[in-house]
Amino acid sequence: MKSLPEITDKVKKNLIWKSIFRRDYRNTVRDRAQAVFGNVFLHLHPVQVRESAVKLRFTWGMGGITFFAFIILVITGVVLMFYYHPSIEQAYTDIKDLEYQVPYGVILRNLHRWGAHFMVIVVMIHMFRVFMTGSYKAPRQFNWGVGVILLVLTFLLSFTGYLTPWDQLGFWAITVGTNMGAATPFLGYQGPFSEFLHITPFNDVRFALLGGALVGGNALLRSYIWHCVAIPLVATILMMVHFWRVRKDGGISKPQK
Amino acid sequence: MNPFIEIITQPDNIAIVIMIFMVSFFMVWAFQQAFHNDRLLAAGLPVDGENDKFVDTFKPLVRIELIIALVVMVGLTVWSILVDAPLEEIANPTLTPNPAKAPWYFLGLQELLVYFDPWLAGVVLPSLIVVGLIAIPYIDINPKGNGYYTFAERKWSIIIFSFGFFVLWLLLIVIGVFFRGPGWLWYWPWQEWDHARVVFEPFRDLSSVVGVDSRSMAGFIIGAVVTGAYLIGGMVAPYMYWKKNHPEFLTKLGMIRYITIVFLFINMMSIPIKMVLRLVFLIKYVWITPWFSI
Ligand code: HEM
């Protein structure tokens, strides 16, 4: 029998191990820094941070938790996509199958649903904390704006997901929601001044959102693509910008008096 | 079962109960830290975090991130084991549920539909909210309170933001979720929902208060004058006040910022004003035109 240190030593000298981790980790200043900027995921962070970033008191970790909720949603969402067809013939039965046929399908769906609620809650609290610490002030004005767009995208992500099970809840929530589109001034057929632009139920904003005059198969396909592809893509890009700017603006804000 | 318990324990509404607890907790924590820092500031001492030292990211920060991730993951898993996401009947365009509610985070906007026509409640006001939020850093010229909790140094911005955040947004959501039943009528937690209930609302328009038909020419003019007076008065009055009392503030603010702030503010205040008009004075419209009504 070999002792543990001997085994670790052997593993760490192994060609494959070395190809992955590149160098050994000793607990030195240099290696602690290397652990951060030598790792594609960790290098979002600076090598050193102010104490406030480590204590929960200041940020409550809310931005990070929002991001983590997003990751959970991407992972569970991708798995859900394996079981789902965006058509009015199949969508509803696919969700029923999750309940009765797919192993752990219920938990999978629950995680995605409650994760979505959770993300909406924490992103609002994140915004509240950024406001209360005055962290939108110079030089972080632009990043606050990026954040507001991310907030809107979070709502839209959740909203477009509502229709996908094709049940009464989603159907009528989307009906109520898109009816607002019909009330857009100039561009919705029920909105003020739309008669000047010859807007009808068949060429207004609502029609563009639904791909038709009623919530039907086209609306389901549209909301599915917004939900699974288009909005996550834009949100991901904006999160990259958001994190990049947190760094470029000098990290988590510190008291400036 | 008690109707309120029934509503609160509906799977999707559990999220709102969680939100109420989380938001209250963080609200208290934020203001507690703000008042704490205010005391330090008053005593001329450095605020929390001012003399922060640096620590390594690896491992202190990475460790706490991992712990938070695990806690969140465990919490969501437990939630998902205990509560199942509902699936209602298959979509049926011929069967309208009553009430048909939007997702909870949009219920504040749906609640606005009680007080405003859809083009305002569903399109114009939401757009202004987004624009207004983005504008905040550019219109708030107070350099103090940057990077720490404080209340004393930025009272007004915090009061106005909190009013929008807690009252106009979160409170309206809570009302929409828990207090609105069939026909979007108000239901107290102890009241049964009654689908046959009709409320005769003796609503009138502003000009009918003085006995003028709101759809007549005279009513149109009265409405236009009142609306115009609100807009113009709202734009001009703060100017007069600041010019007299704090002219240096006005100079610092500049014209563009002034117009943006005041415009956003009077739009925001139009919400509570219309609520009072409607709930207290039973007035539905202030101004009816052939194209739109306010
Ligand atoms: C999908 C949504 C969002 C994600 C994933 C996200 C993520 C983050 C993260 C990880 C941080 C680092 C500090 C922290 O954890 O508090 C941060 C900071 C920041 N966020 Fe967000 N955020 C989001 C939405 C928002 C929103 C809605 C706002 C404001 C309207 C906002 C404004 C800011 C600002 C100004 C900072 C810098 C704060 C500072 O330096 O103290 N973000 N965000």
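Chain letters run A, B, ... following the sequence lines, proteins first, then strands; residues in each count from 1.
Using a 4.5 Å cut-off between heavy atoms, B/F54 contacts chain A through both its backbone and its side chain. For a residue to count as touching a neighbouring chain, one of its non-hydrogen atoms must lie under 4.5 Å from one of that chain's; by this rule B/K144 touches chain A with the backbone only. Residue B/V83 touches chain A through both its backbone and its side chain, counting heavy-atom pairs closer than 4.5 Å. Both the backbone and the side chain of B/P11 come within less than 4.5 Å of a heavy atom of chain A. With a 4.5 angstrom heavy-atom cutoff, A/V47 touches chain B only via backbone atoms. If you measure heavy-atom distances from A/L111 to chain B, the contacts under 4.5 Å come from both the backbone and the side chain. Of the atoms belonging to B/L41, it is side-chain heavy atoms, and not backbone ones, that fall under 4.5 Å from chain A. Contact of A/A33 with chain B is not made at all, since no heavy-atom distance falls under 4.5 Å. At a 4.5 Å heavy-atom cutoff, the contact between B/F166 and chain A is made by side-chain atoms alone. There is no contact between A/F41 and chain B, counting heavy-atom distances below 4.5 Å. In this structure, chain A has heavy atoms under 4.5 Å from both the backbone and the side chain of B/P86. When heavy atoms are compared at a cutoff of 4.5 Å, A/E99 approaches chain B solely by way of its side chain, counted from C-beta outward. Proximity to chain B involves both the backbone and the side chain of A/V49, based on heavy atoms less than 4.5 angstrom apart. Heavy-atom distances place no part of A/I174 under 4.5 Å from chain B, backbone and side chain included. Heavy-atom distances place the side chain of B/L170, and not its backbone, under 4.5 Å from chain A. When heavy atoms are compared at a cutoff of 4.5 Å, B/T150 approaches chain A solely by way of its backbone atoms N, CA, C and O. For a residue to count as touching a neighbouring chain, one of its non-hydrogen atoms must lie under 4.5 Å from one of that chain's; by this rule A/Y25 touches chain B with the side chain only. There is no contact between B/I141 and chain A, counting heavy-atom distances below 4.5 Å.
By the 30° and 60° cut-offs, the orientation of the rings of A/F58 relative to B/Y149 is perpendicular. In this pair, A/F155 and B/W169 present their aromatic rings perpendicular. The plane angle is above 60°, beyond the 30 to 60° band.
When each of A/W114, A/W172, A/Y92 is checked for heavy-atom pairs under 4.5 Å with chain B, A/W114 comes out on top. Most heavy-atom pairs under 4.5 Å with chain B, from the set A/R57, A/H45, A/H112: that is A/R57. Among B/N146, B/I134, B/T289, the residue making the largest number of heavy-atom pairs under 4.5 Å with chain A is B/N146. Of the residues considered (A/G191, A/P185, A/G181, A/A91), A/P185 shows the highest number of contacts with chain B, using heavy-atom pairs under 4.5 Å.
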| task | Decide side-chain contact (heavy atoms from CB on, under 4.5 Å) for B/Q110 and A/M180; before the verdict, give the C-alpha distance in whole Å, the side-chain angles of both, and the deciding distance to 0.1 Å. | result | CA-CA 10 Å; B/Q110 202 174 352; A/M180 295 292 116; over 6 Å; no
| request: May I have the step-by-step check of side-chain contact (heavy atoms from CB on, under 4.5 Å) for B/T57 and A/L42, ending in yes or no? | output: CA-CA 9 Å; B/T57 295; A/L42 292 184; over 6 Å; no
| What do the steps show when you test A/M124 against B/M19 for side-chain contact (heavy atoms from CB on, under 4.5 Å), and what is the final call? | CA-CA 10 Å; A/M124 284 171 15; B/M19 177 196 79; 3.8 Å; yes
| message | I'd like to know whether A/V122 forms a side-chain contact (heavy atoms from CB on, under 4.5 Å) with B/M22, so could you lay out the CA-CA distance, the side-chain angles of the two residues, the decisive distance to 0.1 Å, and finally the verdict. | response | CA-CA 9 Å; A/V122 289; B/M22 284 182 70; 4.0 Å; yes
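Using non-hydrogen atoms only and a strict 4.5 Å limit, the part of residues 58-68 of chain B facing chain A consists of B/F58, B/K59, B/P60, B/L61, B/V62, B/I64, B/E65, B/I68. Close approach to chain B, defined as a heavy atom under 4.5 Å from one of its heavy atoms, is seen in A/Y162, A/P165, A/W166, A/D167, A/Q168, A/L169, A/F171 of residues 161-171 of chain A, taken by number.
The two residues B/R154 and A/F131 make their nearest non-hydrogen contact at NH2-O, 3.0 Å. The minimum heavy-atom distance linking A/F68 with B/V72 is given by the pair CD2-CG1, 3.8 Å.
Under the side chain to side chain contact (heavy atoms under 4.5 Å, CB included) criterion, B/M268 pairs with B/I160, B/F163, B/L168, not counting sequence neighbours. Contacts of A/V79 classified as side chain to side chain contact (heavy atoms under 4.5 Å, CB included), with partners at least two apart in sequence or in another chain: A/Y83, A/L108.
With respect to the salt-bridge test (charged N to carboxylate O, under 4.0 angstrom), the residues A/R113 and B/D12 qualify.
Under the 6.0 Å cut-off for aromatic ring centres, A/F128 and B/F26 do not qualify, their centroids lying 6.0 Å or more apart.
The CG atom of B/D48 sits 12.5 Å away from atom OG1 of A/T133, with the distance rounded to the nearest 0.5 Å. A distance of 10.5 Å separates CG in A/N110 from OG1 in B/T77, rounded to the nearest 0.5 Å. Here CH2 of B/W104 is found 4.5 Å from CD1 of A/I121. Values are rounded to the nearest 0.5 Å.
Residues B/Y105 and A/S158 bring a donor and an acceptor atom of their side chains to less than 3.5 Å of each other. A side-chain donor from one of B/D140 and A/Y136 sits under 3.5 Å from a side-chain acceptor of the other.
Not one N or O on the side chain of A/E51 forms a donor-acceptor pair closer than 3.5 Å with the backbone of B/D52.
Between A/K254 and B/E50 there is no side-chain heavy-atom pair separated by less than 4.5 Å.
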